[in-house]
Amino acid sequence: MLRIVTAAGGEGASMRDLAAHAGLTRPTAHRILQALRHEGLVDFDERLGRWLPGPELYLMGTVAAARYDITDLARDIVRSLAVRTEESAFLSVRRGDETVCLLREEGSFPIRSFVLSEGVRFPLGVASAGLAILSFLPSHDVDAYLDRHPDLADRWGASHAPARLRTRIRETQERGYAVNPGLIVEGSWGLGAAVFARDGHPQWALSLTGVQFRFSPDRLADLGKTLLAHAHQLTARIAATGR
């Protein structure tokens, strides 16, 4: 329930939507939310009738950030990526079977895609960041993930059926970066490159999004090269910190 509330971001979510996303009855969802509210983990906006992340989450986050947060390490790299490509650039982190966007930096090109912003979550293999991370996990972890999520095609379209997703994984491994050709929102393209922890596992990803005509075949290779260079830079910086 906390993940669902935080995924709603600053706008919050209604009781009906939270109960539906959690697969709970409204009375059960209400009891859980009231318990979380009592502990300060969620808050309720009486005027809007919406539930939002609570102040205790902020306090917890400041403690955990010292160990897990790499946004300070990555901020100038994400900004450089946006400047170099003129597209919107992002840093996402793996959390279980999802990616969560941590940073967004706008590019200078005036037409933008707004599929991704801070706090937005996607399953691995759906957005370009998640596909990049999934593609460089050990093969047995990929198999286990697909076994746990047989409904990806139902939720996100036929391109996320296991056979087609495995093809996209192989293509990502061969290129070094993932391409999402408008599979979430038509006309909105994305590129993603994995960023690795010191143990060699992909834990983060840098990505770019923009409108389709900005990702022509000729320009795609240049964007991919720039993206990979920035991902390698961030991987090296993380390794130097011992994380």
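Since the model is a prediction, treat every value here as computed from it, not as a measurement. By convention here, the first residue in the shown sequence is residue 1. These values consider heavy atoms only, across backbone and side chains, with no hydrogens, waters or symmetry-generated copies.
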Would you say that [X] contacts [Y] through its side chain, given a criterion of any heavy-atom pair below 4.5 Å between the two side chains?
| X | Y | value |
| --- | --- | --- |
| Thr172 | Phe136 | yes |
| His160 | Pro123 | no |
| Glu39 | Glu56 | no |
| Leu137 | Arg94 | yes |
| Ile77 | Leu91 | no |
| Arg168 | Leu183 | yes |
| Arg3 | Glu98 | yes |
| Leu33 | Phe44 | no |

Quick one: [atom1] on [X] to [atom2] on [Y], what's the gap to the nearest 0.5 Å?
| X | Y | atom1 | atom2 | value |
| --- | --- | --- | --- | --- |
| Leu227 | Thr85 | CG | OG1 | 8.5 Å |
| Leu102 | Phe90 | CG | CZ | 12.0 Å |
| Ser207 | Leu131 | OG | CG | 11.5 Å |
| Ile32 | Ile4 | CD1 | CD1 | 9.5 Å |
| Thr25 | His30 | OG1 | NE2 | 11.5 Å |
| Thr209 | Arg104 | OG1 | CZ | 5.5 Å |

Mark yes or no for whether [X], through its side chain, and [Y], through its backbone, hold a donor-acceptor pair below 3.5 Å.
| X | Y | value |
| --- | --- | --- |
| Tyr145 | Leu124 | yes |
| Arg237 | Leu73 | yes |
| Ser216 | Phe213 | no |
| Arg219 | Arg214 | yes |
| Ser135 | Gln173 | no |
| Asp151 | Asp154 | no |
| Ser80 | Asp76 | no |

State, to 0.1 Å, how close [X] and [Y] come at their nearest heavy-atom pair, and which atoms those are.
| X | Y | result |
| --- | --- | --- |
| Gly210 | Glu87 | CA-OE1, 3.9 Å |
| Thr235 | Ala194 | OG1-O, 4.5 Å |
| Ser128 | Ala178 | O-CB, 3.5 Å |
| Phe122 | Ala127 | CD1-CB, 3.8 Å |
| Leu228 | Ala193 | CD2-CB, 3.9 Å |
| Ala239 | Arg198 | O-CD, 4.3 Å |

Note: Asp97-Arg121 ion pair, threshold 4.0 Å (strictly below) | no
Arg37 and Glu46 ion-paired at < 4.0 Å = yes
Ignoring hydrogens and angles, write down the donor-acceptor pairs under 3.5 Å from the side chains of residues 47-54, residues two or more places apart or on other chains.
unit_1 : atom_1 : unit_2 : atom_2 : d
Arg50  : NE     : Glu11  : O      : 2.9
Arg50  : NE     : Gly12  : O      : 3.4
Arg50  : NH2    : Gly12  : O      : 3.0

Please assess Met1 against Leu24 for the test side chain to side chain contact (heavy atoms under 4.5 Å, CB included), listing each intermediate value before the final yes or no.
-> CA-CA 10 Å; Met1 184 63 79; Leu24 300 171; 3.9 Å; yes
Under the side chain to side chain contact (heavy atoms under 4.5 Å, CB included) rule, what do Arg155 and Val126 come out as? Steps first, then yes or no, please.
-> CA-CA 10 Å; Arg155 294 173 57 200; Val126 174; over 6 Å; no
No-hydrogen, no-angle side-chain donor-acceptor test under 3.5 Å, Gln34 and His38 = no
Going by atom types only, do Arg164 and Thr167 share a side-chain donor-acceptor pair under 3.5 Å?
-> no
Apply side chain to side chain contact (heavy atoms under 4.5 Å, CB included) to Trp204 and Leu234, showing your working.
-> CA-CA 10 Å; Trp204 305 271; Leu234 183 54; 5.6 Å; no
Would a hydrophobic clustering, with Ile, Leu, Val, Met, Phe, Trp and Tyr connected at side-chain separations under 4.5 Å, put Val78 with Val83?
-> no
Side chain to side chain contact (heavy atoms under 4.5 Å, CB included) evaluation trace for Arg95 with Val93 | CA-CA 6 Å; Arg95 285 294 176 261; Val93 62; 3.3 Å; yes
